[in-house]
Amino acid sequence: MNRLIERLSFGVLLHAVFALAALFMAAQAQAAPGVRTVPSCTKVNVSATIEVAAGATWDGTAVYGKWVCLVGTASNMKGTQSEGQIPMFKLNNGATVKNVVIGDGSLGTGTNLAAGGADGVHCYGVCNITNVYWADVGEDAATAIKLSGVTSKLTISGGAAFKASDKVFQHNGDGTLVISDFYADNVGKLYRSCGNCSTQYARKVTVSGVRLGTINSSVVGVNSSYDSKSGISGQYDVATISDLVYSGSKTKCDTYVGTGKGSEPGKDTSSSNIARSCILK
């Protein structure tokens with residue numbers, strides 16, 4: 001009888017542990033935010049890149065005491081699609097930028113308005129972008145760049161992006177890019193793994209708890225295979241997408257054959273390649 005009671009007690013305890021674990025996992029899931037708009041902000045002209053030291057945090061509301069929208073005034077910070085655009089922020093390894101608006105959102109509704117967004121934020125190594133709003137994305141909102149000796153990880157949490165002619169987040173380095181609790185509207189792609197960088201990497205992107213308005217191309221673009229020109233033939237990217245709220249008709253995960261500099265990546269239509277690279281939950 002005592003052994004029976006012990007078994008029953010253990011069973012009840014085990015059931016309770018599993019129930020608590022399930023509740024914990026559910027709590028960890030990142031729900032998508034509601035529709036967001038750009039915070040009311042005071043315009044501040046910027047003529048050169050703001051560099052954030054390794055391990056430091058640049059907090060816009062702490063620097064200015066209020067929300068500001070930083071608008072690039074130099075010719076290479078106008079926020080055009082020119083490859084010569086420089087970033088509004090350069091984040092060194094371990095740096096964070098938070099609580100600021102980039103670009104002038106008052107110029108109109110198009111995606112090619114040259115609204116002073118520069119080339120957004122450049123991350124070297126491991127960086128955090130927290131509660132940042134791109135009122136009008138320039139060439140890109142943020143770019144992950146390889147830093148020698150460091151496995152890259154760019155984490156974007158909170159905030160929103162609007163009016164991107166092409167992609168919002170560009171992944172040129174190695175490692176992982178994480179996007180959570182984010183909103184975007186009237187953009188080409190939310191994310192693109194570089195299709196033809198001079199040095200290629202098999203990259204990962206995680207999209208969770210994201211709400212999207214209008215997407216003009218696709219949600220993410222990854223290289224589900226790499227050709228002989230890439231230098232990493234046989235490898236592939238992985239995109240994991242969960243808790244995405246999006247009712248548009250564009251593809252959630254576009255797949256390409258990654259290549260080397262000077263070549264253009266073509267579409268990868270292999271069903272097995274797509275299945276291994278696009279994980280939709």
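If you run side-chain contact (heavy atoms from CB on, under 4.5 Å) between Val220 and each of Ile241, Thr251, Thr255, only Ile241 comes through. With respect to Trp134, the ring-ring contact (aromatic ring centres under 6.0 Å, His included) criterion is satisfied by exactly one of Phe169, Phe162, Tyr183: Phe169.
With Gln85 contributing its side chain and Gly120 its backbone, the two residues share no donor-acceptor pair below 3.5 Å. Checked by atom type and distance alone, the side chain of Asn93 pairs as donor or acceptor with a backbone atom of Val126 at under 3.5 Å. No side-chain donor-acceptor contact under 3.5 Å links Asp104 to the backbone of Gly116. No donor-acceptor distance shorter than 3.5 angstrom exists from the side chain of Lys229 to the backbone of Gly258, with no hydrogens or angles considered. A donor-acceptor pair under 3.5 Å links the side-chain atoms of Lys146 to the main chain of Val150, judged by distance alone.
For the pair Phe182/Leu190, a side-chain contact is recorded, criterion being any heavy-atom separation below 4.5 Å from C-beta on. A 4.5 Å side-chain heavy-atom check between Asp166 and Arg192 finds every atom pair outside the cut-off. When side chains are defined from C-beta on, Ser277 counts as touching Val222, because their heavy atoms get closer than 4.5 Å. Residues Asn216 and Val187 are not in side-chain contact: their nearest non-hydrogen atoms beyond the backbone lie 4.5 Å or more apart. Side-chain contact between Val35 and Arg211 is present, with heavy atoms from C-beta onward closer than 4.5 Å. No side-chain heavy atom of Asp136 sits under 4.5 Å from any side-chain heavy atom of Leu107. Inter-residue side-chain proximity for Trp58 and Ile50 is flagged as met; some heavy-atom pair is nearer than 4.5 Å. Using a 4.5 Å heavy-atom cutoff, the side chains of Lys281 and Thr240 are in contact.
Val178 and Val210 fall into different hydrophobic clusters, defined by Ile, Leu, Val, Met, Phe, Trp and Tyr side-chain heavy atoms under 4.5 Å apart, directly or through other members. A single hydrophobic cluster is seen to contain both Val63 and Leu70, as judged by linkage of ILVMFWY side chains at heavy-atom distances under 4.5 Å, directly or through other members. No continuous path of ILVMFWY side-chain contacts below 4.5 Å connects Met77 to Tyr133, so the two sit in separate hydrophobic clusters. In the hydrophobic clustering of this structure, Val97 groups with Leu177; members are Ile, Leu, Val, Met, Phe, Trp, Tyr whose side-chain heavy atoms approach within less than 4.5 Å, directly or through other members. Under the 4.5 Å side-chain heavy-atom criterion for grouping Ile, Leu, Val, Met, Phe, Trp and Tyr, Val46 is connected to Tyr64 within one hydrophobic cluster.
In this structure, CG in Asp243 is found 6.5 Å from OG in Ser208, a value given to the nearest 0.5 Å. For the atom pair Ile274 CD1 and Cys253 SG, the distance stands at 8.0 Å (nearest 0.5 Å). Going from atom CD1 of Ile145 over to atom SG of Cys127 covers 9.0 Å, rounded to the nearest 0.5 Å. Here the CG-OG1 distance, from Leu113 to Thr80, works out to 12.0 Å after rounding to the nearest 0.5 Å.
Cysteine sulfur proximity is not satisfied for Cys69 and Cys41, their SG distance being 2.5 angstrom or more.
Residue Ala141 comes nearest to Val137 through the heavy atom pair N-CG1, 3.4 Å, listed as atom of the first residue, atom of the second, then distance. Taking all atoms of both residues into account, the shortest heavy-atom contact from Gly221 to Ser218 is N-OG, 4.5 Å. Minimum interatomic distance between Asp227 and Thr259 (heavy atoms only, all atoms of both residues): OD2-OG1, 3.0 Å. Contact detail for Tyr226 and Ser230: the closest heavy-atom pair is CB-OG, 3.2 Å. The two atoms that bring Glu264 and Asn196 nearest to each other are OE2-ND2, 3.6 Å, heavy atoms only. Here the shortest heavy-atom pairing between Pro87 and Ala118 reads C-CB, 4.1 Å.
Under the 3.5 Å distance criterion, with hydrogens and angles disregarded, no donor-acceptor pair is assigned to the side chains of Asp59 and Thr57. Side-chain contact, Asn45 with Thr73: no donor N or O sits under 3.5 Å from an acceptor N or O. In summary, the side chains of Asn172 and Arg203 do not present any donor paired with an acceptor at a separation below 3.5 Å, with no hydrogens or angles considered. Using modelled atom types and a 3.5 Å distance limit, the side chains of Asp174 and Ser152 yield a donor-acceptor pair. Asp181 and Ser157 share no donor-acceptor pair across their side chains, judged by distance under 3.5 Å alone. Inspection of the Lys189 and Ser217 side chains reveals an N or O donor paired with an N or O acceptor under 3.5 Å. With hydrogens and angles left out, the side-chain atoms of Thr130 and Asn128 include no donor and acceptor closer than 3.5 Å.
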Discussion item. Applying side-chain contact (heavy atoms from CB on, under 4.5 Å) to Ile102 and Val132, what does each step give before you reach the verdict?
Written reply: CA-CA 8 Å; Ile102 297 176; Val132 170; 4.1 Å; yes
Worksheet entry | side-chain contact (heavy atoms from CB on, under 4.5 Å) between Leu91 and Ile129, worked out | CA-CA 9 Å; Leu91 303 183; Ile129 300 175; 4.1 Å; yes
Fill in: side-chain contact (heavy atoms from CB on, under 4.5 Å) assessment of Val101 paired with Val68
CA-CA 6 Å; Val101 178; Val68 297; over 6 Å; no
Fill in: side chain to side chain donor-acceptor pair (under 3.5 Å) assessment of Asn186 paired with Thr214
CA-CA 5 Å; Asn186 195 15; Thr214 300; 5.9 Å; no
Practice prompt. Show your working on side chain to side chain donor-acceptor pair (under 3.5 Å) between Asp268 and Ser270 and close with a plain yes or no.
Written response: CA-CA 6 Å; Asp268 190 345; Ser270 165; 4.6 Å; no
Worksheet item: Checking side-chain contact (heavy atoms from CB on, under 4.5 Å) for the pair Leu212/Val219: CA distance, chi angles, key distance, verdict?
Response: CA-CA 9 Å; Leu212 302 174; Val219 177; 3.8 Å; yes
Worksheet item: Going through the distances and angles, do His122 and Phe89 end up as a ring pair (Phe, Tyr, Trp, His ring centres under 6.0 Å)?
Response: CA-CA 6 Å; His122 285 188; Phe89 287 94; over 10 Å; no
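Of the charged side-chain nitrogens involved, none lies within less than 4.0 Å of a carboxylate oxygen, so that Arg36 and Asp185 do not count as a salt-bridged pair. Between Asp237 and Lys204 there is no salt bridge, since none of the side-chain N atoms of the basic residue sits less than 4.0 Å from a carboxylate O of the acidic one.
Stacking of Lys167 on the aromatic ring of Tyr191 is not recorded, the 6.0 Å distance cut-off and the 45° axial limit not both being met. Taking the ring centre of Tyr124 as origin, the terminal cationic atom of Lys90 falls inside the region bounded by 6.0 Å and 45° from the ring axis. Annotation: cation-pi geometry satisfied between Arg276 and Tyr236 (NZ/CZ under 6.0 angstrom from ring centroid, within 45° of ring axis).
Heavy-atom contacts from other residues, nucleotides or ligands closer than 6.0 Å to NZ of Lys153 number 12 or fewer.
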